[in-house]
Amino acid sequence: SKANTGNGYNFDANLNKVALATGANINICHLETVLSKQEPSTYPRFRTPESLGGALRINGFHGCSLASNHGIDYGYEGIVSTIDALDRYGVRHVGTRKSPFSSKVAVYNTDGITTAHLSYTFSTNGIALAKPWHVNMLDTRTILEDSKAAKKLADIVVVSLHFGTEYLQTPDSYQISVVRVLTKSPYIDAIVGHHAHVVQPFALVNDKPVFYGLGNLLSAQEQRYSPTGNMGVM
């Protein structure tokens, strides 16, 4: 579609094979890179054509978590361009904010059930936050407070966490300790993790489903980083 060819890039062919798998009532992805009208850029600061947002929507995704170690690769300008692009394509988002008054939670209603989604990251790769509300940082006390507020809006609260050790296929001690604290909360129903770029285990912790790491869905990471770097789960 014309709306999905910004910068001359079209990602439909990259994602249309997973469209059949996005048949759930709510399909949420993790978007790790800034969306922009400017030319793409690669490591260490990533920038992706904003037409990716259109491809996500066309292929069945309703929303994204945005808090990651690359969430402020291009500062506030990158946050704004990403959010504006997703808003234009009708893809909801959490994890970064344009203002302190922007909501920290995305709410989805389907079949009479309301789900709230929150998103946080353990790192911004040493890039200082110009404002504390630019990216949601992983602080268990803050997450517990946010989840309590979100539970007033929803039946189910899902927390996305960007954490772990890259290419390590098992949760590290930090992941385990964070999950133990958060799953004790009556306001958190599930935790979804990403950052390791390889699939990490799924577990029930305090009777809550925890997905420590979903691996990669769409990535140009070379397999030399990890033999399973081209694997992901949905």
Checklist entry - Below 6.0 angstrom between ring centroids: does that apply to His134 and Tyr76? => result yes

Item to check | Residue from Thr42, Thr82, Leu35 passing side-chain contact (heavy atoms from CB on, under 4.5 Å) with Thr48 | outcome: Leu35

Item to check | hydrophobic_cluster_shared for Ile176 and Val210, side chain cutoff 4.5 Å | outcome: yes

Checklist entry - CZ of Arg88: more than 12 outside heavy atoms within 6.0 angstrom? => result yes

Checklist entry - Honestly curious: do Leu161 and Met137 fall in one hydrophobic cluster under the side-chain, below-4.5 Å linking rule? => result no

Checklist entry - Under the side chain to side chain donor-acceptor pair (under 3.5 Å) criterion, do Asn25 and Asp111 qualify, and how do the steps go? => result CA-CA 8 Å; Asn25 289 5; Asp111 289 350; 3.1 Å; yes

Checklist entry - Do Val105 and Leu144 share a hydrophobic cluster (ILVMFWY, side-chain heavy atoms under 4.5 Å, transitive)? => result yes

Next on the checklist: I'd like to know if Arg92 and Asp87 make a salt bridge, using a cut-off of under 4.0 Å between side-chain N and carboxylate O.
Outcome noted: no

Next on the checklist: Could you see if Leu153 belongs to whatever hydrophobic cluster contains Tyr187? Use Ile, Leu, Val, Met, Phe, Trp, Tyr and a side-chain cutoff under 4.5 Å.
Outcome noted: no

Next on the checklist: Show, in sequence, the C-alpha distance, side-chain angles and deciding distance for Gln38 and Glu77, and conclude whether the side chain to side chain donor-acceptor pair (under 3.5 Å) test is met.
Outcome noted: CA-CA 11 Å; Gln38 299 181 48; Glu77 180 186 348; 3.0 Å; yes

Checklist entry - Just checking, is any N or O donor in the side chain of Tyr74 or Ser41 under 3.5 Å from an acceptor N or O on the other one? => result yes

Item to check | Under 3.5 Å side-chain donor-acceptor pair for Thr124 and Asn69 | outcome: no

Checklist entry - Counting only heavy atoms not in Glu166, do more than 12 fall under 6.0 Å of its CD? => result yes

Item to check | Aromatic ring proximity His30/His195, centre distance under 6.0 Å | outcome: no

Next on the checklist: Students often mix this up, so state it plainly: with edges at 30° and 60°, are the rings of Phe122 and Tyr174 parallel, tilted or perpendicular?
Outcome noted: tilted

Checklist entry - Do Val233 and Val158 share a hydrophobic cluster (ILVMFWY, side-chain heavy atoms under 4.5 Å, transitive)? => result yes

Checklist outcome for this item: When rounded to the nearest 0.5 Å, the distance separating CG of Asn109 from OG1 of Thr115 is 8.0 Å

